[in-house]
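In what follows, a structure is listed as structure tokens, so that the remarks can point back to it.
Quick note on labels: first sequence line is chain A, next is B, and so on, each numbered from 1. For the numbers below, each heavy atom of this structure counts, side chains included, while hydrogens, waters and symmetry mates do not.
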Protein chains: 2
Amino acid sequence: MPISALRQDFILHFGEMGSRWGINRTVGQVYALLFLADDPLCADDIVGALGFSRSNVSMALKELQSWNLVRLRHRPDDRREFFTTPDDLWEIVRCLIAERKKREIDPTLTKLRELSMTEPDPADRAAHARIAELRQLIEQMTAFHDDLARFETERLVALLNMGARIGRLVDGAGKLIPIRRTKS
Amino acid sequence: MPISALRQDFILHFGEMGSRWGINRTVGQVYALLFLADDPLCADDIVGALGFSRSNVSMALKELQSWNLVRLRHRPDDRREFFTTPDDLWEIVRCLIAERKKREIDPTLTKLRELSMTEPDPADRAAHARIAELRQLIEQMTAFHDDLARFETERLVALLNMGARIGRLVDGAGKLIPIRRTKS
DNA sequence: TTTTTGTTTCAGTAATTTCTGAAATGACGG
DNA sequence: CCGTCATTTCAGAAATTACTGAAACAAAAA
């Protein structure tokens, strides 16, 4: 069955953005298709809809599973595997952030820690200090991330909706400042 | 002049991570070199240190400038251009976030808005709703980002250091809840 | 056990991205 | 206006990444 113009447009966009997002065109399109699908799809549905080879779709699904971006489903009396995306968009956001952190930040943090351990040559004093400074910054940010990641979605959304008002909670020295309860 | 083992290791790591970060090896290494350099470097210094072709270094510097990750410097009585990275790491973080948002989020937001405008075919009802939901989520997050981006660094660091305590400021319904001032 | 159905692996090919050297461009001093 | 020095552009080479079809594998049914 052919795909509507709306879906087509969305899917092609995800395919194009794929390379900027660090996934490839196939993975982007497969994800987009699943994201919009009304029901779970099996690999052959995807082949039929997008025209990629069966093996390419298999790779793409494996990749999406490694990102935790798709869920596996089974139907009674059907051996095939069906795939969906989580309904809750926030769950998707959490996955994306966690996964990118793991791939893009953690290896560098490890490396920075390793380099910080060494005793620097006198000529490398400043460079060594700069590395330590960067390490400290990343450690701070990941600690913050780990804290936030434990929050339930409602609390995150509440913080998000505070927007700029969140800044009023704190003065420049990092101390909490008195606030008034908003009238309930 | 040769590069110390410490710098070498750092530079090679940035080169390898480059592809995951959406820049290429040359750009990653050039940035790492500048980041650790005690003084501004000119293009030929970089060629000498890393062994890339002159034109490749030129491209890399252009790319780094487009990310706002390097600053241009001039010496009196010297026509050459010298490059540095900003001293303030937070400025770097801001650039990275702003630039990634511009490249990875904004085009999609534009597309989602465009798709939301159209009147959906009945068969696309659910898909259209899902697109609208995604658009709304991204709009919320970018609005929050825009708010935070206006904060001075001290305030951001203060918020960051609150860590999990930040969640206590808000209840599940998004209302501020009473807090005690930390003893100064 | 053999067949049937569905998934994965893998070696080779296609497409894309990165990198280079040569030529073009620009900008200043004489 | 020319010569010198620095930077940029660009076409093609090199390297990497994405994709395919065929074969291997796995699991349930006959």
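On the nucleic acid side, DNA chain C contacts chain A at distances under 4.0 Å to non-hydrogen atoms, with the end points of that region at C:dT4 to C:dC10.
Taking the salt bridge (charged side-chain N to carboxylate O under 4.0 Å, His left out) definition, one finds that B:Glu114 meets it with B:Lys111, sequence neighbours left out. B:Lys101 is linked by a salt bridge (charged side-chain N to carboxylate O under 4.0 Å, His left out) to B:Asp106, counting only residues two or more places apart in sequence or in another chain. Partners of B:Thr153 by side-chain hydrogen bond (donor to acceptor under 3.5 Å, both in side chains), not counting sequence neighbours, listed by chain and number: B:Arg94. A:Glu16 is linked by a salt bridge (charged side-chain N to carboxylate O under 4.0 Å, His left out) to nothing, counting only residues two or more places apart in sequence or in another chain.
Across the protein-nucleic acid pair, B:Leu41 atom CG and D:dA6 atom P stand 16 Å apart, rounded to whole Å. One interatomic measurement links the two molecules: CD of B:Gln65 to C1' of D:dT8, which rounds to 12 Å at whole-angstrom precision. Here the P atom of nucleotide D:dT4 and the CG atom of B:Asp78 are 19 Å apart, to the nearest Å. Rounding to whole angstrom units, CD of residue A:Glu81 and C1' of D:dA26 are separated by 11 Å. When rounded to the nearest whole Å, the span between CD1 of A:Ile23 and C1' of D:dT17 equals 14 Å.
For the residue pair B:Pro107 and A:Arg20, the shortest heavy atom distance occurs at CG-NH1, 4.0 Å.
Within residues 53-62 of chain A, the residues approached by DNA chain D to less than 4.0 Å at the level of any non-hydrogen atom are A:Ser53, A:Ser55, A:Asn56, in residue-number order. Against DNA chain C, the stretch residues 24-40 of chain B makes heavy-atom approaches under 4.0 Å through B:Asn24, B:Arg25, B:Thr26.
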What pairs of donor and acceptor atoms, side-chain ones from residues 36-47 of chain B against any protein atom, are under 3.5 angstrom apart with sequence neighbours left out?
unit_1	atom_1	unit_2	atom_2	d
B:Asp45	OD2	B:Cys42	N	2.9

Using a 3.5 Å cut-off and no angle test, enumerate the donor-acceptor pairs between side-chain atoms of residues 67-76 of chain B and protein atoms at least two apart in sequence or in another chain.
unit_1	atom_1	unit_2	atom_2	d
B:Trp67	NE1	B:Glu63	OE2	3.2
B:Arg71	NH2	B:Glu91	OE2	2.3

Determine all donor-acceptor pairs shorter than 3.5 Å in which one atom belongs to a side chain in residues 23-34 of chain A; sequence neighbours excluded.
unit_1	atom_1	unit_2	atom_2	d
A:Asn24	OD1	A:Thr26	N	3.1
A:Asn24	OD1	A:Val27	N	2.9
A:Thr26	OG1	A:Asn56	ND2	3.0

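Listed by first and then second residue, the ring pair (Phe, Tyr, Trp, His ring centres under 6.0 Å) pairs that reach into residues 2-29 of chain B are B:Phe10-B:Phe14, B:Phe10-B:Phe35, B:Phe14-B:Trp21, sequence neighbours excluded. For residues 117-130 of chain B, the side chain to side chain donor-acceptor pair (under 3.5 Å) pairs, not counting sequence neighbours, are A:Ser4-B:Asp124, A:Arg7-B:Asp124, A:Thr85-B:Arg130.
Along DNA chain D, the nucleotide nearest A:Arg79 and the nucleotide nearest A:Gly51 are compared for position; the residue whose nucleotide lies closer to the 5' end is A:Gly51.
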Walk me through whether B:Arg113 and B:Thr108 qualify under side chain to side chain donor-acceptor pair (under 3.5 Å). CA-CA 9 Å; B:Arg113 282 175 173 154; B:Thr108 297; over 6 Å; no
